[in-house]
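Only one structure is covered here, and it is reproduced in the block below.
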Amino acid sequence: MPEIEKPFRKTGDAAISESPLHPRRKSRRIMVGPVPVGGGAPISVQSMTNTLTADVPATLQQIAELTAAGCDIVRVAVPSQDDADALPEIVKKSPIPVIADIHFQSKYVFQAIDAGCAAVRVNPGNIRKFDEVGPSICKAATDAGISLRIGVNAGSLDKELYAKYGGPTPEALVASALKEARMFEDVGFHDFKISVKHHDVVTMVQTYRLLASKGDWPLHLGVTEAGPTWQGTIKSCLAFGALLAEGIGDTIRVSLSAPPVEEVKVGCKLLEYMGLR
């Protein structure tokens, strides 16, 4: 990985972080900028800006607020060319690693890599002709020394798998995630983490348990459409608490219909109360 020259905020010891409740699941380690994810590294807290990414001052202001609240990694949405064009300045000035969130347009993936993003989140189910562009994405990420996040949720599940399993069941979501993982591994790319999110707590927990048994990928925990602060906090604490208590999970993002700083506060406190932060 290329040396990072700018002074990132220190996000904790990169050594092993054990849970007082259960041995951590053994996963391989990847890097998101200077932040280790997996391999027993301290569980990192992520959030996502809700500003217009193209509005660089507003986005950087929100990233500063998230950093002050304890956020380790921040994700920014890149749905347009203006957003992609704003990435170099955001990456340069952000005190924490920036992940570009890409849907549909593979060209923005390459632009995000060129901009110096610490990682890129791609949803192969939403990327047009991913079978064709996937190897090129992996090569670009390898050359830049960055990691990727892949994964599925109920809304992006492959139609054939949806029909085969009768809906977004744990088995269907895991089958989709394994298919995506193989796309990367078949071309020799292993620096990725996986998410398999669902809005239902029980389904989400069952899905991550099943996926955790299938391989050693680092896992990003998340509940989709978690809802308003009180509802989303309850759902996330139940789901994350169940999995973290079993040693499953390497990085978390609490998703709330609230200011992103509230997501970070909930995530940090959750880890603190579980003896993990």
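All values below were derived from every heavy atom in this structure, side-chain atoms included, with hydrogens, water molecules and symmetry-related copies excluded.
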* To do: Report yes if the side chains of Met31 and Asp191 come closer than 4.5 Å at any heavy-atom pair, otherwise no.
  => no

* **Side chains of Thr51 and Thr59, donor plus acceptor under 3.5 Å** => yes

* Asked: Quick one: does Val264's side chain get under 4.5 Å of Glu65's, heavy atoms only?
  -> no

* To do: Using a 4.5 Å cut-off on heavy atoms from C-beta on, say whether the side chain of Val174 contacts that of Thr169.
  => no

* Is there side-chain contact between Phe240 and Val254, with heavy atoms separated by less than 4.5 Å? -> yes

* **Closest heavy-atom pair and its distance - Thr251, Ser44** => OG1-OG, 2.7 Å

* **Connected via hydrophobic side-chain network under 4.5 Å: Ile248 and Leu21** => yes

* Looking only at atom types and distance, does a side-chain atom of Arg29 sit under 3.5 Å from a main-chain N or O of Val37, one as donor and one as acceptor? -> no

* Asked: Cluster question for you: counting only ILVMFWY and a side-chain heavy-atom cut-off of under 4.5 Å, with indirect links fine, are Met48 and Leu219 together?
  -> no

* Asked: Does the side chain of Asp82 reach to within under 4.5 Å of the side chain of Leu52, using non-hydrogen atoms?
  -> no

* To do: Identify the heavy atoms of Thr53 and Ala77 that sit nearest to each other, and give their distance.
  => OG1-O, 2.6 Å

* Leu173 and Pro168: which non-hydrogen atoms are nearest, and at how many Å? -> CD1-O, 3.9 Å

* To do: Determine, step by step, whether Val32 and Lys193 satisfy the side chain to side chain contact (heavy atoms under 4.5 Å, CB included) criterion, reporting the C-alpha distance in whole Å, the side-chain angles of both residues, the deciding distance to 0.1 Å, and the verdict.
  => CA-CA 10 Å; Val32 180; Lys193 58 183 182 287; 3.9 Å; yes

* Asked: Hey, is the main chain of Thr224 close enough, under 3.5 Å, to the side chain of Ser255 for a donor-acceptor pair?
  -> no

* Asked: Could you state the interatomic distance from CD1 (Ile113) to OH (Tyr108), rounded to the nearest 0.5 Å?
  -> 15.0 Å

* To do: Please confirm whether the backbone N or O of Ile90 pairs with a side-chain atom of Ser94, one donor and one acceptor, at under 3.5 Å?
  => no

* Quick one: ring pair (Phe, Tyr, Trp, His ring centres under 6.0 Å) partners of Tyr165, sequence neighbours excluded? -> none

* For His198 and Met204, indicate whether the former's side chain and the latter's backbone hold a donor-acceptor pair under 3.5 Å. => no

* SB check Glu262 Lys265 (cutoff 4.0 Å) -> yes

* Residues Leu87, Gln111; criterion side chain to side chain contact (heavy atoms under 4.5 Å, CB included); working and verdict -> CA-CA 8 Å; Leu87 289 175; Gln111 197 166 343; 5.8 Å; no

* Say you draw a straight line from CD of Glu160 to OH of Tyr162; how long is it, rounded to the nearest 0.5 Å? -> 15.0 Å

* Asked: Is a side-chain donor-acceptor pair under 3.5 Å present for Asp250 with Ser27?
  -> yes

* Stepwise side chain to side chain contact (heavy atoms under 4.5 Å, CB included) test for Leu221 and Leu244 -> CA-CA 9 Å; Leu221 302 187; Leu244 293 172; 4.1 Å; yes

* Exercise: do Ser47 and Glu263 side chains pair donor with acceptor under 3.5 Å -> yes

* Side-chain (Tyr208) to main-chain (Ser195) donor-acceptor, under 3.5 angstrom -> no

* Mind checking what makes salt bridge (Lys or Arg N to Asp or Glu O under 4.0 Å) contact with Lys139, not counting sequence neighbours? -> Asp143

* Asked: Between Glu18 and Pro23, is there a donor-acceptor pair closer than 3.5 Å when you use the side chain of the first and the backbone of the second?
  -> no

* Within the side chain of Lys164, is there an N or O that forms a donor-acceptor pair under 3.5 Å with the backbone of Ala172? -> no

* For the hydrophobic clusters of this structure (ILVMFWY residues joined by side-chain heavy atoms under 4.5 Å, transitively), does one cluster hold both Ile234 and Leu270? -> yes

* Over all atoms of both residues, closest heavy-atom pair of Val196 and Ala177 -> CG1-CB, 3.6 Å

* To do: Check Ile73, Val261, Val45 against Leu66 for a side-chain contact (heavy atoms from CB on, under 4.5 Å) and give me the one that passes.
  => Val261

* To do: Enter the distance from Lys269:NZ to Arg277:CZ here, rounded to the nearest 0.5 Å.
  => 11.0 Å

* **Nearest heavy-atom neighbours spanning Ala258 and Thr229** => CB-OG1, 3.2 Å

* To do: Using a strict 4.0 Å threshold on nitrogen-to-oxygen distance, state whether Lys93 and Glu89 make a salt bridge.
  => yes

* Taking Asp216 as the fixed residue, which of Arg25, Arg28, Lys26 is the one that meets the salt bridge (charged side-chain N to carboxylate O under 4.0 Å, His left out) rule? -> Arg28

* Any side-chain heavy-atom pair of Phe110 and Ser136 under 4.5 Å -> yes

* With a 4.5 Å limit on heavy-atom distance, are the side chains of Ile99 and Cys117 in contact? -> no

* Quick one: CZ on Arg253 to CD on Gln46, what's the gap to the nearest 0.5 Å? -> 9.0 Å

* Atom of His190, atom of Ile30 and distance for their closest heavy-atom approach -> O-CG2, 4.3 Å

* Asked: Asp72 and Ile96: side chain to side chain contact (heavy atoms under 4.5 Å, CB included), yes or no, with the steps?
  -> CA-CA 6 Å; Asp72 299 306; Ile96 55 178; over 6 Å; no

* Asked: Taking the side chain as C-beta and beyond, is there a heavy-atom pair between Gln206 and Leu210 under 4.5 Å?
  -> no

* Gap between atom NZ of Lys107 and atom CD of Gln81 - 0.5 Å precision -> 5.0 Å

* To do: Nearest 0.5 Å please: distance from the CG atom of Asp200 over to the NZ atom of Lys235.
  => 7.0 Å

* Treat each ILVMFWY residue as a node, draw an edge where side-chain heavy atoms are under 4.5 Å apart, and state whether Ile194 and Val205 are in one component. => yes

